[in-house]
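Below you'll find the structure, written out as structure tokens, and then a few comments.
Side chains are part of it too, since the values below use all heavy atoms of this structure and drop only hydrogens, waters and symmetry mates.
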Amino acid sequence: MSRVARALGVAAVAAVAQPTLAADYEGAKVSEFIEEMTRDYGFAGEQLGDLFKQAERKQAILDAISRPAERTKPWKEYRPIFITDSRIAQGVDFWRQHEEALSRAETEYGVPAEVIVAIIGVETFYGRNTGSYRVIDALSTLGFDYPPRQPFFRQQLKEFLLLVREEQVDPLALKGSYAGAMGLPQFMPSSFRAYAVDFDGDGRIDIWNNPVDAIGSVASYFKQHGWKAGESVVARAKVSGERFEEGLTEGLESAKNAGELAELGWHTESAVPTETRVTAFRLEGAEGDEYWVGLPNFYVITRYNRSVMYAMAVHQLSQRLADARGEQ
């Protein structure tokens, strides 16, 4: 076992790779960070230095995060990316394969199996696309060489080092997205430490290779963000009058309740209690504008990814998965 692994408290892990000849993260560039980790969290500075000598600056990561955003796709183009026959069929297969874990997660956390499957389906196509960058490279690159979001990614780097010490895993072995999101559910290190669970009871949390832990962790995340068992996610609406656009929510935070929205000309196809805090949004659908009212469970989905269209994709995929599962 490498001395880096020993320094982080990692036992029984694969050998850490040898240091690269030209270290990207050593000396003054990381000394302040290492000092903070030794002072505040009890890490050994010399061994952390050895670890960072093996971290590599990845220009591809900086290019990806700095790339100008593509034109925001309207809903009629965004939806078909995720609501596909293949994603539905393979989601049903995933559901069938892990039915016991999904049923137990639904019982313990109150989150429907189809919602958990849909999250994993949208995030990584049920584990097929979990990312190919070493997490230590991604978070070092963004924490030290991407000033616009340096505080966030440096905090995630701290969380990652604590994570590998707590979970007794090799800090150089874990892989994820270019932003450091990890495993089947694409948790950032802070989310892992806050919400991930050992759902199969084997003594360790593995969201990279263990779908059971990934399933329980998604359910845990939703529960702790306020998911209400048995409640709806959205209600389709019709709008009328001259003031309905005043009801549209700016951002994601609920600004009005259902009663106030009704006074502005919003009429939901299903009953929503007057005092329910809601979000109201318009989507450019294939057949014209669609108006929707997001309920509290919709807001919970947006805590996973802060996007109305993402939350709608997860919701509608979950519905299609439930329908397909019921037909079998």
Side-chain angles (χ1 to χ4, degrees), residues 69 71-83 109-112 114-123 185-188 191 194-195 218-322:
R71 176 184 64 89
T72 302
K73 290 180 172 64
W75 176 239
K76 63 184 178 183
E77 296 177 18
Y78 184 93
R79 183 183 186 276
I81 297 172
F82 299 102
I83 315 298
Y109 295 102
V111 184
E114 59 267 26
V115 173
I116 300 170
V117 176
I119 285 285
I120 296 174
V122 168
E123 289 291 338
Q186 293 290 276
F187 275 13
M188 293 299 289
S191 291
Y195 310 113
V218 171
S220 167
Y221 187 102
F222 272 54
K223 176 67 174 179
Q224 293 191 58
H225 280 81
W227 183 271
K228 303 297 184 184
E231 294 190 5
S232 299
V233 174
V234 294
R236 189 74 180 260
K238 294 181 179 179
V239 295
S240 61
E242 298 179 353
R243 299 185 61 201
F244 76 86
E245 291 205 2
E246 295 178 31
L248 291 168
T249 304
E250 294 184 11
L252 297 169
E253 306 298 325
S254 299
K256 296 178 174 61
N257 62 36
E260 293 169 326
L261 205 59
E263 292 177 359
L264 294 173
W266 289 68
H267 310 284
T268 56
E269 295 178 356
S270 55
V272 178
T274 301
E275 296 303 316
T276 303
R277 303 296 295 183
V278 296
T279 56
F281 53 96
R282 173 173 51 206
L283 297 175
E284 185 183 338
E287 299 180 2
D289 286 344
E290 302 174 7
Y291 293 90
W292 295 89
V293 173
L295 307 176
N297 279 347
F298 181 82
Y299 181 75
V300 172
I301 301 176
T302 67
R303 299 305 86 190
Y304 206 97
N305 183 309
R306 296 174 184 270
S307 160
V308 164
M309 289 195 290
Y310 173 91
M312 281 296 289
V314 167
H315 171 61
Q316 292 195 358
L317 178 59
S318 76
Q319 291 183 311
R320 295 290 299 276
L321 288 165

- prompt: Do the non-hydrogen side-chain atoms of Thr276 and Pro296 ever get within less than 4.5 Å of each other?
  reply: yes

- prompt: Taking all atoms of both residues into account, what is the closest heavy-atom pair of Thr279 and Ser254, and its distance?
  reply: CG2-OG, 3.7 Å

message: I need the minimum non-hydrogen distance between Ser307 and Leu252, along with the two atoms involved.
response: N-CD1, 4.0 Å

message: Tell me the closest heavy-atom pair linking Met312 and Trp75, and the distance in Å.
response: CB-CH2, 3.5 Å

field: Distance, nearest 0.5 Å, that separates CD of Glu250 from CZ of Phe281
entry: 15.5 Å

task: Taking the side chain as every heavy atom from C-beta outward, state whether Leu283 and Arg79 have any atom pair closer than 4.5 Å.
output: no

- request: For the residue pair Glu123 and Val218, establish whether any side-chain heavy-atom pair is separated by less than 4.5 Å.
  value: no

task: Identify which one of Tyr109, Phe187, Trp227 satisfies the side-chain contact (heavy atoms from CB on, under 4.5 Å) criterion when paired with Tyr221.
output: Phe187

- request: Supply the atom-to-atom distance Lys76 NZ to Glu284 CD, rounded to the nearest 0.5 angstrom.
  value: 4.5 Å

task: Check whether any side-chain heavy atom of Arg277 sits under 4.5 Å from a side-chain heavy atom of Tyr299, and report yes or no.
output: no

field: Value rounded to 0.5 Å, distance of OG1 in Thr274 from CG in Leu261
entry: 11.5 Å

query: Counting only heavy atoms not in Glu269, do more than 12 fall under 6.0 Å of its CD?
result: yes

- request: State, with a plain yes or no, whether a side-chain heavy atom of Tyr78 is found less than 4.5 Å away from one of Thr72.
  value: no

- request: Verify side-chain contact (heavy atoms from CB on, under 4.5 Å) between Val308 and Phe298, making sure each step is shown before the conclusion.
  value: CA-CA 9 Å; Val308 164; Phe298 181 82; 4.0 Å; yes

- line: Tightest non-hydrogen contact, residues Ala258 and Val278, listed as N-CG2, 4.0 Å

message: On the six-membered ring of Tyr310, is Arg306 placed so that its NZ or CZ lies under 6.0 angstrom from the centre and within 45° of the ring axis?
response: no

- request: Would you name the heavy atoms of Pro185 and Tyr304 that are closest together and state the gap between them?
  value: O-OH, 2.5 Å

- prompt: Would you say Leu264 and Phe244 make side-chain contact, with heavy atoms under 4.5 Å?
  reply: no

message: Show, in sequence, the C-alpha distance, side-chain angles and deciding distance for Glu253 and Arg303, and conclude whether the salt bridge (charged side-chain N to carboxylate O under 4.0 Å, His left out) test is met.
response: CA-CA 10 Å; Glu253 306 298 325; Arg303 299 305 86 190; 3.7 Å; yes

- prompt: How far apart are the closest heavy atoms of Ala118 and Val314, and which atoms are they?
  reply: CB-O, 3.5 Å

message: I'd like to check Asn257 versus Glu260 (side-chain heavy atoms, cut-off strictly below 4.5 Å). Are they in contact?
response: yes

- request: Would you please test Glu231 and Leu295 for side-chain contact (heavy atoms from CB on, under 4.5 Å) and show each step?
  value: CA-CA 9 Å; Glu231 294 190 5; Leu295 307 176; over 6 Å; no

message: Check whether Thr249 reaches the backbone of Gly251 with its side chain - one donor and one acceptor, N or O, closer than 3.5 Å.
response: no

task: Mark yes or no: Arg282 above the aromatic ring of Trp292, with NZ or CZ under 6.0 Å from the six-membered ring centre and no more than 45 degrees from the axis.
output: no

query: Would His225 and Tyr195 count as a close aromatic pair, with their ring centres under 6.0 Å?
result: yes

message: Let me confirm one number: the NE2-CZ distance from His315 to Arg320, rounded to the nearest 0.5 Å.
response: 12.5 Å

